[in-house]
Amino acid sequence: MKPSTVGLVGAGGIAGVHLSGWLSLGFEVVVHANDGQAPVLTRRYGGRAVGSLDELLEAADIVDVATPTHTHRAVVERAAEARKHVVCEKPMALTVADSAAMIAACEGAGVRLFPAHVVRYFPAYAVMQSAVAAGRIGRPAVQRYFRIGAAPSRPWFRDRTLSGGMAMDQMIHDFDLARWVAGDVEAVYATQAGDETASSTTVQAILRHRSGTVSHINGVWGRPTLRFHTGFSVAGSEGLLEHDSLRHGVLGYDGLSDAEQASYLPPVDASSSPYTAELSDFAGAIRDGRTARVSAEDGVEAVRIATAVNRSLDEHTAIALEDLA
Amino acid sequence: MRVGIISFAHTHALGYASILRDRADVECVVTDPGHVDRPAGESGGRELAESIGVGYADTLEELLAWRPEAVIVCSENVRHVDDVELAAAAGAHILCEKPLATTREDASRIVDACERAGVLLMTAFPVRFTAQYGELRHRVRSGAMGEILSISGANNGKLPVERAWFADPALAGGGAVADHTVHIADLVFGLFPDAEATEVFAVANHLLKPAREAETAGLVSIRYSNGITAVIDCSWSVPDHYPTWGGLTLRVIAEDGIAELAPFAERVDGFTELDRSPLWLPYGQDLDAAMLDEFLGAVSEGRQPTPSGRDGQRALEVVLAAYESIETGRPAAVRAL
C-alpha cells in the first residue's frame with residue numbers, strides 16, 4: 001500500500017520546511033511537538049496538529065523526526081516499535097552507539113530509516129558528486145568544503161551535550177559530502193577558535209580518507225548578519241570542480257530598500273526545493289523498496305566522523321576512526 | 001645599481017629579470033651555470049638571458065667579480081645556502097627565493113652569513129605586497145573585525161612543468177608542502193607579528209601526478225600562540241591546461257565577520273576560438289615589481305627590507321613541522337627561532 005500520511009515530530013526550524021515539502025508531495029501530515037508549537041506550524045503551512053506522539057503514531061505511515069538531536073533515538077525507537085518507516089533529521093544521534101541502536105530498532109521492526117543529509121540533494125553538490133563518480137576529474141586528491149552562517153538562535157544548538165556542537169550539527173553535512181565523494185575516512189584532526197556556547201566560532205577539520213584523498217572542512221557559526229555561504233573545491237588527477245553558493249544566482253536585486261527587496265523576493269517553492277527532493281527520494285524508496293541517495297549507514301558514518309572531530313578538538317591530536325570506542 | 005640574478009632555476013627569475021631590465025636605475029646581469037645540469041628542453045643560460053635582454057655571466061665568480069650591490073638568489077632550494085654564502089661574502093645584499101632553505105641548519109647559515117658580511121637579507125614573499133593585504137592588516141590590527149578566530153587559506157597552482165626540480169625532493173626539499181605553504185604562513189605572520197606558530201598537523205598525498213617523487217597535495221593545520229588557528233591548502237591541484245597558473249585566497253574569520261582576500265582575482269574573462277579555450281586576462285598589481293621596489297629601496301636607503309630573512313626562517317619552521325607531522329601522523333611542535 002502506498003504510504004499516504006506523514007507524522008512530523010517537532011515544530012522547530014526544519015519542521016516547517018519538511019511540512020511544506022511533504023504537503024507539496026501530496027501527503028497528509030499530522031504534527032506533534034512537545035513544546036506545544038505544532039498548531040502554530042500547521043496554521044502557517046497546513047497539516048493537522050495532534051495532541052500526543054501516540055496519536056501521531058496511530059495516524060502515520062512514515063514518521064519524520066525533526067526534534068532536537070538528543071531526543072532522536074527515543075523518538076525513532078518509538079516509531080520503530082509502532083512499525084513506521086522513519087525519516088530522521090541529521091545528525092542521526094549524538095553518538096555512534098545511539099545511531100547503531102536506531103538502525104537495529106528499525107531493522108528489527110522491518111521498517112526503513114533515512115537520515116536527512118539534505119545537502120546531497122542540493123543540485124551543485126549532486127552534480128559535482130556524479131561528475132566525480134563518473135571519473136570526469138580522475139581520482140579525487142584534495143577537497144575543500146566550507147559552510148558559513150549565522151549561529152542558530154535556539155539555545156540547545158549551542159549546548160554540545162544536546163546538539164553535539166557545531167561539528168556534529170553543521171559540519172556533519174560536509175563530512176557526509178566528503179565521504180560521499182572520496183569514500184570512508186580513516187583519521188581526522190581539527191582545531192576550533194571562538195566560544196561555541198556564546199559567540200562566533202569556527203572549526204577547521206582535516207580528514208584523511210582510506211582512498212588517500214585528503215579533505216579540509218571549515219564550519220563557521222557567526223553573527224546574525226553573516227550571509228549563509230557554502231562552497232567546495234574538489235581537485236582530482238584529471239581535473240577540478242569548484243562552487244560558491246554566492247555566485248551563479250538566477251535572480252538578484254540591487255538598489256531597493258530592504259523592505260522592497262523582501263517583498264520582491266519570491267517565496268521558496270516547496271516543489272523545487274532540495275528538501276522536497278530529499279523527502280520525495282525517501283518516500284519513493286519506501287514505496288518501491290529501493291535504496292535512497294543516502295542510507296542509515298551513511299548517517300552513522302557521518303556521526304562517527306563528527307565524533308572523531310569532537311574528540312580531536314578535546315585532545316588536540318589526530319584521531320583514527322577505528323580507535324573510537 | 002648593479003643587480004645580479006643567481007640562476008634561472010626558479011621560474012620567477014625570468015619575471016625579475018624583465019622587471020629589472022625595464023628599470024632605468026638598474027643594470028642586471030644573470031648567471032645560470034647550473035642550466036647544463038637541468039633536463040633537456042628546460043630553458044636557461046646565456047640564450048635565455050639574451051632573449052630577455054639582460055646581461056649574462058658564465059659563472060657565479062664572474063658575476064660577483066662585477067661587484068653587484070644586490071643579488072636575487074633563484075637557484076634550486078637546496079642550493080640557496082651556498083649561493084647566499086658566496087654572494088654575501090662578496091658584499092652583495094640578498095633577496096632569496098622562498099622557501100629560504102630546506103633545513104633549519106641551512107636557514108641559519110644563510111642568516112648568519114648575511115649578518116657576518118653586514119649585508120641585508122630579504123625573503124621573496126611577493127603576496128605581502130598586495131595593496132589590499134595592507135588594508136586587511138590594518139583592519140585586523142585595529143580590532144575593526146573583533147577578535148580574529150581563524151584563517152583558511154589556499155595557495156594552489158599547476159605543478160611547474162618548465163622545471164622538473166620543483167617535484168624532486170633532493171633539490172626542492174619536498175614538494176607542494178615546501179613550495180606553497182610558506183606564502184600563506186608568511187601572510188598570517190604578517191597579520192600577527194607577535195604570534196608564534198606553536199603546533200602543526202599536516203597530511204599529504206601523491207594522487208595528483210603520481211609519477212613525481214614529491215607530494216603534490218597537502219593540507220597544513222597550524223595553531224598559534226595567540227589562540228588563532230589556520231589551515232593552508234598547499235596543493236599543486238590546478239590542472240595543467242587551466243587558463244591561469246593558480247592563485248591564492250585567504251579567508252579571515254573573526255568574531256564580527258569574515259574577510260576574503262584574493263590577490264589574483266582581478267581579471268577579464270573570455271573565450272577564444274583560436275585554440276578553443278577560455279581567456280583569463282589578469283590585470284592586477286605587479287607584486288614582483290612591488291617586492292623588488294622594497295628590496296632595492298631598502299638597499300639604497302640601508303634599511304632592513306620586509307619580509308626579512310627571519311620571516312623566511314619562521315615560515316620554514318612551519319614547513320619542517322608539517323613534514324614531521326606527515327611522517328608521524330601526529331601534530332608536531334614548531335621549533336621557536
Side-chain angles (χ1 to χ4, degrees), chain A residues 137-144 146 148 182 186-195 198-209 211-223 225-227 229 231 233-240 242 244 246 312-313 315-320, chain B residues 145-154 156 158 176 198-210 215-224 226-242 246 249 251-258 260 325-326 328-331:
Chain A
I137 63 163
R139 275 182 81 179
V142 54
Q143 43 179 359
R144 300 195 302 267
F146 66 87
I148 295 169
E186 60 181 13
V188 309
Y189 176 84
T191 62
Q192 181 166 26
D195 183 355
S199 57
S200 300
T201 188
T202 181
V203 170
Q204 306 233 38
I206 289 175
L207 317 181
R208 203 173 66 227
H209 299 257
S211 58
T213 309
V214 293
S215 300
H216 171 220
I217 319 283
N218 184 197
V220 178
W221 273 352
R223 292 269 191 245
T225 48
L226 208 54
R227 282 185 297 179
H229 185 192
S233 162
V234 182
S237 54
E238 310 296 334
L240 174 67
E242 296 184 304
D244 184 314
L246 294 183
S312 179
L313 293 177
E315 299 181 5
H316 281 216
T317 192
I319 301 294
Chain B
M145 299 177 63
E147 187 193 341
I148 306 299
L149 303 178
S150 191
I151 289 172
S152 178
N156 299 139
K158 298 177 182 179
T198 55
E199 194 172 73
V200 169
F201 176 82
V203 292
N205 67 41
H206 295 67
L207 296 173
L208 306 160
K209 319 275 184 201
E215 81 283 351
T216 44
L219 296 169
V220 180
S221 176
I222 311 166
R223 293 181 195 272
Y224 293 85
N226 61 352
I228 68 159
T229 60
V231 169
I232 299 170
D233 177 354
C234 59
S235 308
W236 284 325
S237 52
V238 175
D240 289 345
H241 300 93
Y242 200 69
T249 57
R251 172 177 292 135
V252 178
I253 302 158
E255 187 64 45
D256 293 342
I258 288 175
E260 310 231 13
S325 173
I326 289 165
T328 64
R330 292 193 296 274

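These numbers come from the heavy atoms of this one structure, side chains and all, not from hydrogens, waters or symmetry mates. Order of the sequence lines fixes the chain letters, A, B, ..., with proteins taken first and strands second; residue numbering starts at 1 for each chain.
For Asp256(B), the parts lying near chain A are the backbone and the side chain together; criterion is any non-hydrogen pair under 4.5 Å. At a 4.5 Å heavy-atom cutoff, the contact between Gln192(A) and chain B is made by backbone atoms alone. Within the 4.5 angstrom heavy-atom criterion, only side-chain atoms of Leu226(A), from C-beta onward, approach chain B. The contact between Thr201(A) and chain B is made entirely by backbone atoms, counting heavy-atom distances below 4.5 Å. Only the side chain of Ser235(B) comes within contact range of chain A, judged by heavy atoms closer than 4.5 Å. No part of Ala202(B) comes within reach of chain A, as not one of its non-hydrogen atoms sits under 4.5 angstrom from that chain. With a 4.5 Å cut-off on non-hydrogen atoms, Thr225(A) does not touch chain B at all. For Ile148(A), the part lying under 4.5 angstrom from a heavy atom of chain B is the side chain only. Heavy atoms closer than 4.5 Å to chain A are found in the side chain of Glu199(B), but not in its backbone. Neither the backbone nor the side chain of Asp240(B) has a heavy atom closer than 4.5 Å to any heavy atom of chain A. Heavy atoms of Leu219(B) lying under 4.5 Å from chain A belong to its backbone as well as its side chain.
In this structure, CD1 on Ile151(B) lies 11.5 Å from CG on Asn218(A), to the nearest 0.5 angstrom. If you take OG on Ser211(A) and CG on Leu207(B), they are separated by 7.0 Å, rounding to the nearest 0.5 Å.
In terms of heavy-atom proximity, Ala193(A) sits nearest to Thr229(B) at CB-OG1, 4.3 Å. Scanning all heavy atoms of the two residues, the minimum distance from Ser237(B) to Leu240(A) falls at O-CD1, 4.3 Å.
Proximity of Pro331(B) to His316(A): side-chain heavy atoms (C-beta onward) are nowhere separated by under 4.5 Å. Using a 4.5 Å heavy-atom threshold, the side chains of Asp233(B) and His216(A) count as separate. The side-chain heavy atoms of Phe146(A) and Ser152(B), taken from C-beta on, include no pair separated by under 4.5 Å. Residues Arg251(B) and Val220(A) form no side-chain contact, since every pair of their non-hydrogen atoms from C-beta on lies 4.5 Å or further apart.
Interface check for chain B: of the options Ala205(A), Ser199(A), Ala320(A), the most heavy-atom pairs under 4.5 Å are formed by Ser199(A). Contact tally against chain A (heavy-atom pairs below 4.5 Å) for His206(B), Glu147(B), Arg223(B): the top residue is Arg223(B). With respect to chain A, the highest number of heavy-atom pairs below 4.5 Å among Ile228(B), Ile148(B), Leu208(B), Val231(B) belongs to Val231(B).
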Evaluate the side chain to side chain contact (heavy atoms under 4.5 Å, CB included) criterion for residues Arg139(A) and Asn205(B): first the C-alpha distance (whole Å), next the side-chain angles of each, then the deciding distance (0.1 Å), finally the verdict. CA-CA 12 Å; Arg139(A) 275 182 81 179; Asn205(B) 67 41; over 6 Å; no

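A donor-acceptor pair under 3.5 Å is absent between the side-chain atoms of Gln204(A) and the main chain of Ile222(B), judged by distance alone.
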